[in-house]
Amino acid sequence: MRNNDWKERLGMVYSTNPDFKYDTGEEPEAETLPKEKQGLRISLDKRNRGGKMVTLVTGFQGSADDLASLGKLLKTRCGVGGSAKEGEVIIQGDMRRKVLDILLQEGYTKSRII
């Protein structure tokens, strides 16, 4: 069911043109590339994290849902916490080798440690 909240329609101008398409300002989500074409880069990062190390997986091209499912898979298989947002997956700790092994098992053949 569609959300029909009046607050979302504030400032909207109605048109009698049958071909009028209201622009919500949202960008359409990118289509997710197949696993074997994803060029994922795995790196270690310590900046702006209070001295703690995290493993960054960058280069993912696709929808936010697919990124979240990849992040959940990596966090579960590594047994640590983390997050997945803005095109990158953050895994707590230095898990570069383990993350690379998991990605290669899952079919992300272009993954590499930088």
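For reference, positions follow the sequence shown, starting with 1.
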Using a 3.5 Å cut-off and no angle test, enumerate the donor-acceptor pairs between side-chain atoms of residues 41-50 and protein atoms at least two apart in sequence or in another chain.
residue: Arg41; atom: NH1; partner: Gly39; partner atom: O; Å: 3.3
residue: Asp45; atom: OD1; partner: Arg47; partner atom: N; Å: 3.2
residue: Asp45; atom: OD1; partner: Arg47; partner atom: NE; Å: 3.2
residue: Asp45; atom: OD2; partner: Arg49; partner atom: NE; Å: 3.4
residue: Asp45; atom: OD2; partner: Arg49; partner atom: NH2; Å: 3.1

Minimum heavy-atom distance between Val80 and Gln92, given as atom pair plus value: CG2-O, 3.7 Å

Hey, any chance Val54 and Leu74 share a hydrophobic cluster, counting ILVMFWY side chains that come within less than 4.5 Å of each other, even indirectly? no

Kindly give the heavy-atom pair with the smallest separation between Ala84 and Gly71, and that separation in Å. CB-CA, 4.2 Å

For Ile102 and Cys78, the nearest pair of non-hydrogen atoms, with its separation, is CD1-SG, 3.9 Å

Give, for atom CG of Leu40 and atom CG of Leu104, the distance between the pair rounded to the nearest 0.5 Å. 10.0 Å

Rounded to the nearest 0.5 Å, how far apart are NZ of Lys37 and NZ of Lys110? 8.0 Å

Of all heavy-atom pairs between Glu36 and Thr109, which one has the smallest distance, and what is that distance? O-OG1, 3.6 Å

Name every donor-acceptor pair, under 3.5 Å, that has one atom in a side chain of residues 55-62 and the other anywhere in the protein, sequence neighbours excluded.
residue: Thr55; atom: OG1; partner: Gly93; partner atom: O; Å: 2.6
residue: Thr55; atom: OG1; partner: Met95; partner atom: N; Å: 2.8

Under the side-chain contact (heavy atoms from CB on, under 4.5 Å) test, which residues partner Gln105, sequence neighbours left out? Arg77

If every non-hydrogen atom of Ile113 is compared with every non-hydrogen atom of Arg97, which pair is closest and at what distance? CD1-NH2, 4.0 Å

OG1 (Thr32) and CG (Leu67) are apart, to the nearest 0.5 Å, by 9.0 Å

